[in-house]
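Worksheet for the structure shown next.
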Amino acid sequence: MSTEKSETTESAGTTQDKHYKIAPRRVSFDWRETPLHWIPDEPTATHVINVLHLLLPAGERWFVKVFKEALPLVRDPELLKDVKGFMGQEATHSVQHAYVLDHLAEQGLDPTGYTKHVEWMFDVLLGEKPPFRVPVPKREWLRFRLSLIAAIEQFTAVLGNWVLHADGLDRAHSDEVMLDLLRWHGAEEVEHRSVAFDMYQHVGGAGLGRYARRIEGMAVVGPVLLWLWFFGAAYLIRHDPQLTGRLRYSLREHNTAVRKGLLPTWGELGSAIPRYLRRSYHPSQEGSLRKAVEYLATSPAARAAAEAIGRAANS
């Protein structure tokens, strides 16, 4: 059963207790006034974060497809509710980040040279059937992909919690619409931080085999995500029409942005891995549900979505 909980106690950013309902919010964002470098004078930090927009439309569609395959195997009614809420949130995330890709293209930065590879990875390499006719049983292939999603969601929870606390982005006068997108999404990642893990635990077998597959999932996801992020940031900077080749992605510029509080530290990201590998681990230990709920109560996009639902109900 999923353990996404509403908060009665919180220690060191962890939350537990009564069951917390997960539901999508039908948000929308107006990108007309958002500049290409939405963190002013910080193209490296801007584009490192923009890699999210490159990965998430295809990635979160893939999450939903894999979970649809696994739905018939779910026997816990509470988990089933959480999974359906998770799927609704992820589908909305995919759509909203795709709109950002359209906005980048309108500003002269065409993302398709990168996103076509991302789409191939999710649609072909990690599709419903193993690639290249690899003889993997159907149930085992599903469990492997669920382990990948659980590992990815470990990082999205960490990133979501980071962006909710990233005061450096405010001090840098970042674009308010982009910040709202990132923090709305980050808050929902904290909301549903446990669902993919619980789904994997429920469907992924039992005992040592299930734990070994969880380790395998992180062993794949960690280095692949790192490579995708470096490649994505380099692609965006190289094709940025406002930079015209004057800048290349570098760890020096990246680390400068980290020191300014514009990007998460390597320690914040790296320490998520050994936590996840503990056999007793559960993602309810990640982040602050209180902070997430507080942000969602003030998010312009989330509030507008809630008000639209209220008007529709009263009409």
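Nothing fancy with the numbering, it's 1 onward along the sequence.
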Write down the atom of [X], the atom of [Y], and the distance for their closest heavy-atom approach.
{"X": "R26", "Y": "G88", "value": "NH1-O, 3.8 Å"}
{"X": "A58", "Y": "V118", "value": "CB-CG1, 4.0 Å"}
{"X": "L164", "Y": "A292", "value": "CD1-CA, 3.9 Å"}
{"X": "R279", "Y": "G207", "value": "NH2-C, 3.8 Å"}
{"X": "T46", "Y": "L36", "value": "CG2-O, 3.6 Å"}
{"X": "S147", "Y": "Y276", "value": "O-OH, 4.2 Å"}

When you check the side-chain N and O atoms of [X] and [Y], is any donor under 3.5 Å from an acceptor?
{"X": "Q89", "Y": "H93", "answer": "no"}
{"X": "H53", "Y": "H103", "answer": "no"}
{"X": "R143", "Y": "Y200", "answer": "no"}
{"X": "D180", "Y": "Y295", "answer": "yes"}
{"X": "H202", "Y": "D76", "answer": "no"}
{"X": "W38", "Y": "N50", "answer": "yes"}
{"X": "E119", "Y": "Y114", "answer": "no"}

Sequence neighbours left out, what pairs pass salt bridge (Lys or Arg N to Asp or Glu O under 4.0 Å) with at least one residue falling in residues 40-68? E42-K260, K65-D123

Do [X] and [Y] come within less than 4.5 Å of each other through their side chains, counting heavy atoms only?
{"X": "H192", "Y": "M87", "answer": "no"}
{"X": "S94", "Y": "L56", "answer": "no"}
{"X": "L247", "Y": "P43", "answer": "yes"}
{"X": "V293", "Y": "Y20", "answer": "yes"}
{"X": "W266", "Y": "H254", "answer": "yes"}
{"X": "V51", "Y": "L55", "answer": "yes"}
{"X": "W141", "Y": "V134", "answer": "no"}
{"X": "P35", "Y": "D175", "answer": "yes"}

Check the pair R246 / D240 against salt bridge (charged side-chain N to carboxylate O under 4.0 Å, His left out), numbers first and verdict last. CA-CA 10 Å; R246 291 181 287 108; D240 185 325; over 6 Å; no

List for me each residue that meets salt bridge (charged side-chain N to carboxylate O under 4.0 Å, His left out) alongside R275, sequence neighbours excluded, and say none if there are none. E286

Is [X] salt-bridged to [Y], going by a charged N under 4.0 Å from an acidic O?
{"X": "E253", "Y": "R248", "result": "no"}
{"X": "D198", "Y": "R193", "result": "no"}
{"X": "E191", "Y": "R25", "result": "yes"}

With a 6.0 Å cut-off on ring centres, are F231 and W229 close enough? no

Ring center gap for F29 and Y99 short of 6.0 angstrom: no

With sequence neighbours left out, the residues meeting side chain to side chain donor-acceptor pair (under 3.5 Å) with R214 are none

Are more than 12 heavy atoms from other residues, nucleotides or ligands located less than 6.0 Å from atom CZ of R303? no

Heavy-atom count around E128 CD within 6.0 Å, excluding the residue itself: above 12? no

